[in-house]
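As C-alpha cells, the structure follows; a few thoughts come after it.
If you read the sequence from its start, that first residue is 1, and numbering goes on from there. All ligand and atom numbering here is 1-based and tracks the order in the structure.
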Amino acid sequence: MVVSKLAHGLRGVVSRVSGAALVDKELIRSSLKELQRTLISSDVNVRLVLELTKSVERRLSDVPPGVRVKEYFVKAVYDELVALLGEKHSPELGKQRILLCGTYGHGKTTTAGKLAKFFSKRGLRTALITTDTWRPAAYEQVQQLAQQVGVPMFGVKGERDSERILRAGLEKFSDYDVIIADSAGRDSLDEDLLDEIKALNAIFLPEERYLVLGADMGQTAGRQAKAFHEAIGLTGVVLTRVDSSAKGGGALSACAEAGVPVTFIGTGEKMEDLEVFDAEKYVSRLLGFPDLSSLLVRVKEATEDSELSEEDLMQRDLTLTTFYKQLEATKKMGSLSKVMEMMGLSQKLPEELVEEGEEKMRVYKHIIDSMTKYEREHPDEIKKSRVERIARGSGRSEKEVKELLKQFNATKKMFSKLKKGKRLPGKFGALMKQFKGGVA
Ligand SMILES: Nc1nc2c(ncn2[C@@H]2O[C@H](COP(=O)(O)OP(=O)(O)OP(=O)(O)O)[C@@H](O)[C@H]2O)c(=O)[nH]1
Ligand SMILES: [Mg+2]
C-alpha cells in the first residue's frame with residue numbers, strides 16, 4: 001500500500017525520537033532532515049516541507065513546562081502534518097446534487113458509484129446520471145455500478161448531447177434526495193473539457209462540485225484543482241488511489257494549499273473503498289504511534305495549564321497566547337455576539353472575527369505558532385521586521401499577520417470593557433460568569 005511508504009518514513013522519524021534515551025540537538029536535527037526526505041519523497045512541495053520542519057524546530061524552542069521534549073516533538077510533527085494535509089470534511093447528509101469532474105481515468109465513474117453507495121447507505125434516496133458521451137461503454141459502466149450499489153441510473157445510449165441527457169435525468173429524478181452526475185473526461189485539462197463542465201454546472205446547479213483526482217498526481221494536483229476551481233468553483237476534491245500511490249502526501253498538501261479541501265479519499269477499487277477525509281485521523285494513522293491520542297491530550301493539557309489561567313483571562317492584559325484560546329472559546333459558546341449585545345457592547349465586537357470561522361482561526365493559529373514567546377506576550381512590539389519574519393515563518397502574507405494584529409487589538413479593547421463588566425451586578429454579572437465559563 002502506498003501510504004505505507006510515507007507512513008514508514010514518518011514512523012521511523014517519530015519512533016527514533018520518542019525511543020531515544022537522550023534527545024539532543026543533533027538527534028532533532030537529523031530527525032528533521034529525515035522528516036524532510038520522507039515528505040519530499042511523497043512529492044510534497046519542497047517549500048512546504050521546509051516550512052513544516054522550521055515550524056517544528058521553532059516550537060521545540062518553546063517546550064511548555066511539564067512536557068518532555070520528545071513528546072513535544074511528536075505533538076509538533078503531528079500538528080504540522082495535520083495543518084499541511086488539510087482539514088476534516090463533514091459531508092452534508094441531506095438533499096443535494098453532486099457533480100463530478102476531471103480528466104481521463106482518475107476515477108470519476110468509480111467515485112460516482114462509491115458516493116451513491118455512501119449516501120444511500122445513510123438512508124438517502126440516491127440516483128446516478130451519466131453524462132459521459134465520450135468513453136465507449138460509459139453507459140454500461142455506470143449501469144453496472146448502479147446495479148451493484150442498488151440505486152437507479154439514467155443515461156442515453158448513443159446521445160451526443162450531454163446537456164440534454166442531464167436535463168432529462170434531472171427531470172426523471174426530481175424527487176430524489178441525492179443526485180450524482182458523472183461527466184466525461186479528456187486527455188488533458190483543455191478548454192473543451194472546461195466548457196463542457198461549465199455548461200453542465202449551469203444546468204445542474206449542484207451544491208457540491210467535486211474534482212476527482214488520482215493521488216499519483218502528487219503536487220501537480222494543486223494546479224488542476226486551481227484550474228477547475230476557477231472554472232466552476234469547486235467545493236472539494238475526491239482524491240482517489242490513495243491506496244496505490246506513493247504521492248498521496250504531495251497531492252493532499254497541494255490541494256490544501258490551493259484552497260480546495262479534500263472531501264473524500266478513494267482507497268481501493270471496490271465500492272466500499274471510500275472514506276470521508278479527516279486530516280487528524282489520517283495523520284494519526286500515518287504516524288501509527290502507540291497511544292498517540294493520549295500523548296496529544298496530555299501535551300495539550302500541559303500546554304493549556306502553562307499558558308492559560310483564569311487570571312490570564314480576566315485580570316491580566318490580553319496577550320496573543322490567550323487570544324487564540326478566546327477565538328476557540330467564542331466558537332464553542334456559539335454566540336458571543338448575543339452575550340455582548342446584552343451588555344451593550346455589540347458595536348465594539350469585531351464581528352468578522354466570530355464569523356469568518358475556522359479557516360481564519362487556522363491561519364491565525366499558524367501565525368501565532370510562528371511567533372516567539374516574547375512576541376506573543378508583547379504584541380505591541382511586533383513591528384515591521386518582526387511582521388516580515390513571522391509572515392515568512394508561517395508561510396502567510398504580511399497582510400494576514402497585520403490583520404491578525406488588528407483583530408487582536410480590537411478584541412483587546414473589547415476585552416477591557418468586559419473586565420469592567422465583571423463589576424456589573426445581576427444579569428450582567430451572570431453573563432460574565434457564562435463568558436468566563438465558556439473561555440476557561
Ligand atoms: N486502487 C484504486 N483504483 C481506483 C480508485 N478509484 C478508481 N480506481 C480505478 O481507476 C480506474 C479508472 O476509473 P474510472 O472510474 O473509470 O475513471 P474515470 O475518471 O471515470 O475515467 P474516464 O471516464 O475515462 O475519464 C479503474 O480501473 C478504477 O477501478 C481507487 O481509489 N483506488
Ligand atoms: Mg468515467
Side-chain angles (χ1 to χ4, degrees), residues 1-7 42 89 98-118 128-149 151 153-157 159-160 162 165-166 169 180-190 192-197 200 204 208-218 220-221 224-225 227-228 231-232 234 236-252 255 262-278 282 285:
M1 185 167 147
V2 194
V3 188
S4 61
K5 200 174 162 210
L6 176 58
S42 184
H89 176 60
I98 304 171
L99 176 62
L100 300 177
C101 61
T103 47
Y104 271 145
H106 282 265
K108 291 177 296 298
T109 307
T110 310
T111 300
K114 288 176 177 179
L115 285 171
K117 179 174 173 126
F118 178 89
L128 281 170
I129 301 176
T130 172
T131 66
D132 188 349
T133 56
W134 285 73
R135 167 157 298 285
Y139 180 92
E140 286 78 5
Q141 191 191 358
V142 175
Q143 191 178 39
Q144 200 197 347
L145 291 177
Q147 205 169 31
Q148 206 179 322
V149 302
V151 306
M153 64 83 73
F154 180 80
V156 184
K157 261 203 262 191
E159 170 65 73
R160 309 298 306 165
S162 55
I165 301 176
L166 183 60
I180 301 165
D182 183 23
S183 65
R186 296 291 191 283
D187 276 338
S188 60
L189 175 59
D190 57 18
D192 190 35
L193 175 58
L194 289 178
D195 286 347
E196 173 164 332
I197 209 71
L200 294 175
F204 196 31
E208 304 294 355
R209 297 168 294 279
Y210 292 159
L211 171 64
V212 180
L213 276 181
D216 32 344
M217 295 279 288
T220 55
Q224 275 221 11
F228 275 94
I232 57 166
L234 295 176
V237 164
V238 178
L239 198 67
T240 62
R241 293 205 275 273
V242 173
D243 55 307
S244 60
S245 156
K247 294 183 175 177
L252 285 168
C255 292
V262 172
T263 50
F264 292 89
I265 54 177
T267 56
E269 297 191 35
K270 295 198 294 295
M271 288 297 99
E272 55 271 28
D273 297 333
L274 181 80
E275 285 178 31
V276 176
F277 183 66
D278 177 346
Y282 188 75
R285 226 175 348 166

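Two residues are said to be in side-chain contact when any heavy atoms from C-beta on lie closer than 4.5 Å; Thr267 and Leu274 fail this criterion. Within the 4.5 Å cutoff, the side chain of Val242 has heavy atoms near those of the Tyr282 side chain. Cys101 places a side-chain heavy atom less than 4.5 Å from the side chain of Ile232. Using a 4.5 Å cut-off on side-chain heavy atoms (C-beta onward), Leu145 and Lys117 make no contact. Side-chain contact check for Thr131 versus Leu200: some heavy-atom pair is nearer than 4.5 Å.
The one candidate from Arg241, Lys247, His106 that meets the side-chain contact (heavy atoms from CB on, under 4.5 Å) condition with Met217 is His106. Put simply, the residue from Leu115, Leu99, Ile180, Val262 that forms a side-chain contact (heavy atoms from CB on, under 4.5 Å) with Tyr210 is Leu115.
Contact check on Lys114 versus Asp273 returns no salt bridge, with no Lys/Arg side-chain nitrogen under 4.0 Å from an Asp/Glu carboxylate oxygen. At a threshold of 4.0 Å, the pair Arg135-Glu140 does not count as salt-bridged, since none of the basic side-chain nitrogens sits closer than that to a carboxylate oxygen.
Heavy-atom distances between Thr267 and ligand 1 reach below 4.0 Å in at least one pair.
At the shortest separation from atom 6 (N) of ligand 1 among protein heavy atoms lies Thr240 CB, 3.8 Å. Among all non-hydrogen protein atoms, the one lying nearest atom 15 (O) of ligand 1 is Thr110 OG1, 2.5 Å. Summary of contacts: the protein heavy atom closest to atom 31 (O) of ligand 1 is Arg241 N, 3.0 Å. Considering only non-hydrogen protein atoms, atom 5 (C) of ligand 1 sits nearest to Gly268 O, 3.5 Å. Taking atom 24 (O) of ligand 1 as the reference point, the nearest protein heavy-atom neighbour is Arg135 NE, 2.4 Å. Looking from atom 17 (O) of ligand 1 to the surrounding protein, the closest heavy atom is Gly107 N, 3.0 Å. At the shortest separation from atom 3 (N) of ligand 1 among protein heavy atoms lies Glu269 CG, 3.3 Å. The single protein non-hydrogen atom nearest to atom 16 (O) of ligand 1 is Gln141 NE2, 3.1 Å, given as residue, atom name and distance.
The shortest N/O to N/O separation between Gly266 and ligand 1 falls below 3.5 Å. Polar contact with ligand 1: present for His106 (N/O pair, distance under 3.5 Å).
Interface atoms of ligand 1 facing Gly105, defined by a heavy-atom separation under 4.0 Å, are 12 (C), 17 (O), 18 (P), 19 (O), 21 (O), 22 (P), 24 (O), 25 (O). With ligand atoms numbered from 1 in the order given, ligand 1 contributes 24 (O), 25 (O) to contacts under 4.0 Å with heavy atoms of Tyr104. Near Lys108, meaning under 4.0 Å from any of its heavy atoms, are these atoms of ligand 1: 15 (O), 17 (O), 18 (P), 19 (O), 20 (O), 21 (O), 22 (P), 25 (O). Residue contact check: Thr109 has heavy atoms under 4.0 Å from atoms 15 (O), 18 (P), 20 (O), 23 (O) of ligand 1.
Counting heavy atoms under 4.0 Å from ligand 1, residue Arg186 does not touch it at all. Residue contacts with ligand 1, taken as heavy atom pairs separated by less than 4.0 Å, involve Asp132 solely via side-chain atoms from C-beta onward. Contact annotation for Asp243 and ligand 1: only side-chain heavy atoms (C-beta onward) come within less than 4.0 Å of the ligand.
The number of heavy atoms from other shown groups lying within 6.0 Å of CD (Glu159) is above 12. Surrounding CD of Glu272 are more than 12 heavy atoms belonging to other residues, nucleotides or ligands, all under 6.0 Å away.
The Mg ion (ligand 2) does not have Gln141 among its coordinating residues (no N/O/S atom, backbone or side chain, under 2.8 Å).
A side-chain donor from one of Thr109 and Asp182 sits under 3.5 Å from a side-chain acceptor of the other.
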